Amino acid sequence: MAKYLLRAVALLYLLFLLILPVGLIVWQTFGDGLQNIVDALTSEEAIHAFQVTIQVAVWAVVLNTVFGVVVALLLTRTTFPGKRLLNALIDLPLAVSPVVVGLALILAYGRYSTVGGWLESAGVQVIFSIPGMVLATVFVSLPLVVRAIVPVLEEMGDDQEQAARTLGAGPWQTFRRITLPGIRSALGYGIVLCLARALGEYGAVAVVSGKVVGETQTLTLFVEERYLNYEVPAAFAAATVLALLAVGSLLLTTLLRPKDGN
């Protein structure tokens, strides 16, 4: 009896917290027909928001993938002073509010900061532009690739890598032939998680972007702007796209989730 009661509680919790709100958004989106959806998603502002979202997300995934693999190898294959500190700092984005992240980036790279002023004098604008949005997205999704790879590398051990180096393989050849095949599933899992986080980021991006329509507006910002301007069909249509992307990411992470260290 207790087992069925716990299942019922879990299902009710998911129903009211997740399924019902998302289902209502989808219902409202398709309630007025497909033409309104097409019109909303093919407007100039919506297309630009899609482009900015993809641009920011792709850059964030690429940077975090490279960073994640390098740091995961450092944490599992080397010993150095400050290793525990680095390991702790990796999880910092999970504890810090995205809004605080955005504010910190403005203080560090804004026009009136030392670094930001120097960059702007060199013709590089960080805050209220795409680079700042990429930085914010990279920060909030920083731990995902690292934390997906580290357990797999620890489970693999380094016996095969040492054997390859003994036989004359170089670092890159060892990584490509031994390490990368071993972490392939975990790496894919981390990349999908990072992509999903990047596509749905709002707080930090909202602070550093300036929310300029047609310039620095991502899809999440587009949803907010349309809803506040009473363009509800467009807001619901974009929100449904984001929800579908989240569901697709969930299915991919389920397929790519590492099992038994593979």
Side-chain angles (χ1 to χ4, degrees), residues 1-32 37 53 57 60-61 64-65 68 72 87-101 136-156 183-206 218-224 226-227 232-233 235-262:
M1 188 66 183
K3 178 175 64 175
Y4 292 112
L5 181 61
L6 289 174
R7 289 179 181 177
V9 170
L11 289 175
L12 286 173
Y13 185 83
L14 291 174
L15 174 64
F16 287 103
L17 188 65
L18 179 63
I19 298 174
L20 183 60
V22 175
L24 286 174
I25 290 176
V26 176
W27 175 265
Q28 291 290 338
T29 300
F30 291 95
D32 296 327
I37 301 174
T53 301
V61 169
N64 273 337
T65 299
N87 194 32
L89 287 175
I90 293 300
D91 294 325
L92 183 63
L94 300 177
V96 178
S97 168
V99 175
V100 175
V101 173
T137 307
V138 166
F139 188 96
V140 298
S141 56
L142 186 70
L144 299 177
V145 176
V146 178
R147 293 311 177 201
I149 297 175
V150 165
V152 178
L153 285 174
E154 291 176 341
E155 182 70 20
M156 283 175 53
I183 64 171
R184 183 170 53 241
S185 295
L187 180 60
Y189 176 69
I191 288 174
V192 172
L193 283 179
C194 184
L195 179 61
R197 184 71 177 87
L199 290 173
E201 173 53 26
Y202 171 81
V205 169
T218 61
L219 199 56
T220 52
L221 301 179
F222 176 83
V223 171
E224 180 200 36
R226 295 293 157 166
Y227 188 80
V232 178
F236 282 147
T240 298
V241 172
L242 287 172
L244 291 175
L245 290 173
V247 171
S249 300
L250 177 63
L251 294 175
L252 279 176
T253 54
T254 301
L255 293 174
L256 294 172
R257 186 186 299 273
K259 298 178 181 180
D260 299 326
N262 297 319

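Everything numeric in this text was worked out from a predicted model, so none of it was measured.
For residues 188-200, the set of pairs meeting the salt bridge (charged side-chain N to carboxylate O under 4.0 Å, His left out) definition, not counting sequence neighbours, comprises Arg197-Glu201. Sorted by first and then second residue, the side-chain hydrogen bond (donor to acceptor under 3.5 Å, both in side chains) pairs with a member in residues 6-31 read Thr29-Thr240; sequence neighbours excluded. Within the structure, no pair that satisfies the salt bridge (charged side-chain N to carboxylate O under 4.0 Å, His left out) test touches residues 236-245, not counting sequence neighbours. The salt bridge (charged side-chain N to carboxylate O under 4.0 Å, His left out) contacts involving residues 239-252 comprise nothing, where partners must be two or more places apart or lie in separate chains. Sequence neighbours left out, not one pair with a member in residues 246-256 passes salt bridge (charged side-chain N to carboxylate O under 4.0 Å, His left out).
To the nearest 0.5 angstrom, Leu195 atom CG is 11.0 Å from Leu144 atom CG. Atom-to-atom distance recorded for Ile149:CD1 and Leu187:CG is 4.5 Å, nearest 0.5 angstrom.
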Solution key, residues 89-101 side-chain donor-acceptor pairs under 3.5 Å, sequence neighbours excluded:
unit_1, atom_1, unit_2, atom_2, d
Asp91, OD1, Arg147, NE, 2.9
Asp91, OD1, Arg147, NH2, 3.4
Asp91, OD2, Arg147, NH2, 3.1
Ser97, OG, Val99, N, 3.3

Name each donor-acceptor pair under 3.5 Å that joins a side chain in residues 241-249 to protein atoms two or more places apart or in another chain, with its distance.
unit_1, atom_1, unit_2, atom_2, d
Ser249, OG, Leu245, O, 2.9

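Closest heavy-atom contact between Ser141 and Cys194: OG-SG, 3.6 Å. Closest of all the heavy-atom pairs between Ala136 and Val205 is CB-N, 4.3 Å. Ala186 and Val152 make their closest contact through CB-CG2, 3.4 Å (heavy atoms, listed as atom of the first residue, atom of the second, distance). Here the closest heavy-atom approach between residue Phe236 and residue Ile25 is recorded as O-CG2, 4.0 Å.
Annotation: side-chain hydrogen bond (donor to acceptor under 3.5 Å, both in side chains) contacts of Thr53 (sequence neighbours excluded): none. Residues forming a side-chain contact (heavy atoms from CB on, under 4.5 Å) with Leu24 (at least two apart in sequence, or on another chain): Leu20. Partners of Thr220 by side-chain hydrogen bond (donor to acceptor under 3.5 Å, both in side chains), not counting sequence neighbours, listed by chain and number: Thr218. In this structure, the side-chain contact (heavy atoms from CB on, under 4.5 Å) partners of Leu12, at least two apart in sequence or on a different chain, are Leu15, Phe16.
You'll find the side chain of Ile183 reaches within 4.5 Å of the side chain of Leu153, heavy atoms only.
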